[in-house]
2 protein chains.
Amino acid sequence: MGANILIVEDEESILELIAINLHQSGFTPIRALNAEYADKLIHEAVPDFIILDWMLPGMSGIDFAKRLRSNTSTKKIPIIMLTAKSEEENMIKGLDSGADDYLTKPFSPRELVARIKAILRRKAPELIDEPIQINKLHLDPTTYLVKSNGTTLQMGPTEFRLLHFFMKNPDRVFSRNHILDKVWGNQSDIDDRTVDVHIKRLRDSLTLAKHHKLIQTVRGIGYRFCENHKQ
Amino acid sequence: MGANILIVEDEESILELIAINLHQSGFTPIRALNAEYADKLIHEAVPDFIILDWMLPGMSGIDFAKRLRSNTSTKKIPIIMLTAKSEEENMIKGLDSGADDYLTKPFSPRELVARIKAILRRKAPELIDEPIQINKLHLDPTTYLVKSNGTTLQMGPTEFRLLHFFMKNPDRVFSRNHILDKVWGNQSDIDDRTVDVHIKRLRDSLTLAKHHKLIQTVRGIGYRFCENHKQ
DNA sequence: CATTGTATGACATTTTTATGACAGTTTTTT
DNA sequence: AAAAAACTGTCATAAAAATGTCATACAATG
């Protein structure tokens, strides 16, 4: 359920403050007092999110962020940077296109949590989401199960993510490329048309519960998940 | 669809940061590292919005803004100015020069996007894909649905774009060529009379909801979408 | 009522989507 | 570790829907 969030911050009091607040918000905080230790932790288990102090002993936050961006396995981890008021001016100079957002100290913990959620909602909704139910179709991200009237529907991982994405954004139309971006990830060396095939597979899975009509084709645009059957 | 937003900023990292965030918000970013290049780009295609750094090499942001304001074709483009904290006091001059809003660096990308949308909502609502409702006829660009009294009206992509265009510009009469330009795109080696056929198809689609009379023929001129039935 | 502009139905063509098969991978089972 | 099962992405082809044009019917105008 809770996303693993790595906090890299050399001031222990701030580190704790953040950790406690994240924990209370349902996340799993992972603590690191410096970049070296953070590295070790990342090597053990790649976190879902990183909160990075800009001023760190040894390697600076910026350099650390850059290294994270250049490594394939950590490239896509969202990063929020923390900076002191006085460093604000330098901050912008070093702000790599990689950082997703930043906060100036002192900041409210609520603000921090809000921004984390906002970024996660956009980049990895499955880490933040609760079970969704639409039209007797019930999807639970924690158990990875899709049910309808008690029966469990079978589908592959990609179809599950696709369905989750659609149920999270009902009624909206998405282009194939948008879907690729959100469901596959931003690598996109994948053919547009592959989406068609997975839509087909998802529809097949939903057919058992007569829910296949939920996914509609919008010609020339893309696909839409619509709770309104009649069209 | 997504508004074209020209970003004029000499610091490449900031330029990228903004561009990526705009892209993620559905806008189309256009990058310029200096005023001269921006000029060239504007000459090629007038953007819908400009984000302008206050401090630019060569010509300052202020001067650039003033020049934009004095030119007829660029006079009405909304501008957001970016300024460093230390320059905030001078900023008043920036607003004087015609900027619609400004932001102090460092700023959060979310804040920037929010302000852009706020300004667009006020100045050019048609660039921000929001639902339009006229006379019980409801069109939503995000869901690609046209509804009337709860029932969804079926139509092809071209008819949808045509209706969208009309609803964005109600009461005005448009010639067939103008319509071709706006709805089909400027390439159009397409026959004038093709518009007639699509108008017919659109009317057919609207007939189900008794809304067909909304589209009126203006003999010798073209067509008009009119919310007032009697005219 | 003749002229000019518009509506409409039919149709061939083009564009877009659905679908089944397949080969290479990865994961699970044995 | 080997075998079996499941999953992926890509293609080729079938199927469906949309498009633009044309000929003809219809309506408005003077």
Side-chain angles (χ1 to χ4, degrees), chain A residues 73 144-146 152-166 173-208 212-226 231, chain B residues 144 146 152-166 173-208 212-226 231:
Chain A
S73 63
Y144 250 68
L145 288 177
V146 181
T152 303
L153 301 181
Q154 223 59 46
M155 64 184 70
T158 307
E159 284 71 39
F160 183 89
R161 273 179 290 135
L162 190 55
L163 179 59
H164 191 188
F165 169 69
F166 273 128
V173 186
F174 295 100
S175 72
R176 291 174 175 73
N177 277 314
H178 197 155
I179 293 172
L180 275 178
D181 234 42
K182 296 294 184 179
V183 178
W184 271 254
N186 325 21
Q187 330 150 4
S188 79
D189 48 345
I190 292 179
D191 188 22
D192 270 37
R193 289 291 144 191
T194 299
V195 175
D196 296 30
V197 179
H198 284 276
I199 288 280
K200 156 84 163 99
R201 286 166 184 162
L202 177 53
R203 276 174 174 157
D204 284 351
S205 296
L206 295 177
T207 300
L208 275 168
H212 50 114
K213 282 181 184 169
L214 288 173
I215 296 172
Q216 302 166 345
T217 304
V218 182
R219 209 150 230 275
I221 309 292
Y223 296 96
R224 164 178 56 203
F225 181 91
C226 198
Q231 290 218 30
Chain B
Y144 249 81
V146 181
T152 303
L153 302 181
Q154 221 58 48
M155 64 185 71
T158 307
E159 284 71 39
F160 184 90
R161 272 180 288 135
L162 190 55
L163 179 60
H164 194 185
F165 169 70
F166 274 128
V173 187
F174 295 100
S175 72
R176 291 174 175 73
N177 277 313
H178 195 158
I179 293 172
L180 275 178
D181 237 40
K182 296 292 184 179
V183 178
W184 271 254
N186 326 21
Q187 337 125 1
S188 73
D189 46 347
I190 293 177
D191 188 23
D192 270 36
R193 289 291 145 190
T194 299
V195 175
D196 296 30
V197 179
H198 283 276
I199 288 280
K200 155 80 163 106
R201 285 166 184 162
L202 178 53
R203 276 174 174 158
D204 285 350
S205 297
L206 295 178
T207 300
L208 275 167
H212 49 114
K213 284 180 183 170
L214 288 173
I215 295 171
Q216 302 167 343
T217 305
V218 181
R219 199 184 162 82
I221 310 292
Y223 297 95
R224 165 176 56 198
F225 181 91
C226 198
Q231 287 214 28

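Proteins get letters first, then strands, A, B, ... in listed order; numbering begins at 1 in each. Everything numeric here is computed off the predicted structure, so don't read it as measured data.
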Student: Would you name the heavy atoms of V183(A) and T158(A) that are closest together and state the gap between them?
Tutor: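 Looking at all heavy atoms of both residues, the closest pair is CG1-O, 4.3 Å.
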Student: For dT6(C), does OP1 or OP2 lie under 4.0 Å from any side-chain N or O of R176(B)?
Tutor: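 For dT6(C), OP1 or OP2 has a side-chain N or O of R176(B) closer than 4.0 Å.
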Student: Look at the side-chain N and O atoms of T158(A) and state whether any lies under 4.0 Å from the OP1 or OP2 oxygen of dC7(D).
Tutor: no
Student: Work out how much the helix from dC1(C)-dG30(D) to dT30(C)-dA1(D) bends between its end axes, five pairs an end, to the nearest 10 degrees.
Tutor: 40°
Student: Find the distance F160(B):CZ to dT19(D):P and express it as a whole number of Å.
Tutor: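 Rounded to the whole Å, the gap is 13 Å.
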Student: Considering every strand and a 4.0 Å limit on heavy-atom distances, what is the contact class for E159(A): base, sugar-phosphate, or nothing?
Tutor: sugar-phosphate
Student: Return the value, rounded to whole Å, for the distance between atom CD1 of I221(A) and atom P of dT15(C).
Tutor: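 From I221(A) CD1 to dT15(C) P: 17 Å.
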Student: Could you state the CD1-P distance from I199(B) to dG5(C), rounded to the nearest angstrom?
Tutor: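 My rounded result for the distance is 18 Å.
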Student: Taking OP1 and OP2 of dT21(D), is either one under 4.0 Å from a side-chain nitrogen or oxygen of R193(B)?
Tutor: no
Student: Are R176(B) and T194(B) side-chain neighbours, meaning at least one heavy-atom pair lies under 4.5 Å?
Tutor: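 Side chain of R176(B) against side chain of T194(B), heavy atoms only: no contact under 4.5 Å found.
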Student: Under 4.0 Å between a side-chain N or O of W184(B) and OP1 or OP2 of dT19(D)?
Tutor: no
Student: Check the phosphate of dT16(C) against Y223(A), side-chain N and O only, distance under 4.0 Å to OP1 or OP2. Yes or no?
Tutor: no
Student: In whole angstroms, how far is the P atom of dT19(D) from the CG atom of D189(B)?
Tutor: 16 Å
Student: Using the side-chain heavy atoms of P157(A), tell me which of these nucleotides is nearest: dC7(D), dT17(C), dT10(D).
Tutor: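 So the nucleotide nearest the side chain must be dC7(D).
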Student: Can you tell me the distance, in whole Å, between the CG atom of L162(A) and the P atom of dC7(D)?
Tutor: 15 Å
Student: Could you tell me whether the phosphate oxygens of dA27(D), OP1 or OP2, come under 4.0 Å of any side-chain nitrogen or oxygen in R219(B)?
Tutor: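 Checking dA27(D) against R219(B), no side-chain N or O comes under 4.0 Å of OP1 or OP2.
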Student: For dT8(D) and T194(A) - does any side-chain N or O of the residue sit under 4.0 Å from the phosphate oxygens OP1/OP2?
Tutor: no
Student: Starting at atom CD1 of I215(B), determine the distance to atom C1' of dT6(C), rounded to an integer number of angstrom.
Tutor: 15 Å
Student: Tell me the interatomic distance from D204(B), atom CG, to dA18(D), atom P, rounded to whole angstroms.
Tutor: 14 Å
Student: Just how far, in rounded Å, is P of dG20(C) from CG of D196(A)?
Tutor: 14 Å
Student: Looking only at non-hydrogen atoms, find the nearest pair between Q154(A) and S205(A) and report the distance.
Tutor: O-OG, 3.1 Å
Student: Would you call V173(B) and Y223(B) a side-chain contact if the rule is heavy atoms closer than 4.5 Å?
Tutor: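 No. Closest side-chain heavy atoms not under 4.5 Å.
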Student: Looking at every non-hydrogen atom in both residues, tell me the closest pair between M155(A) and L206(A) and how far apart they are.
Tutor: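 For M155(A) and L206(A), the tightest heavy-atom pair comes out as CE-CD2, 4.5 Å.
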Student: Taking NZ, NE, NH1 and NH2 as the nitrogens, is one of them in K200(B) or D204(B) under 4.0 Å from a carboxylate oxygen of the other?
Tutor: yes
Student: Do you know which two heavy atoms are closest between L180(B) and D191(B), and how far apart they sit?
Tutor: CD1-O, 4.1 Å
Student: Indicate whether OP1 or OP2 belonging to dT17(C) is found under 4.0 Å from a side-chain N or O atom of K200(A).
Tutor: no
Student: Classify the nucleic acid contact of R201(B) as base, sugar-phosphate or nothing, counting any heavy atom under 4.0 Å across all strands shown.
Tutor: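 Touches a base.
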Student: Which of these nucleotides, dG20(D), dC11(D), dA7(C), is closest to any side-chain atom of V197(A)?
Tutor: dC11(D)
Student: Can you give me the closest heavy-atom contact between W184(A) and R161(A), atom names plus distance?
Tutor: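 The answer is CA-NH1, 4.3 Å.
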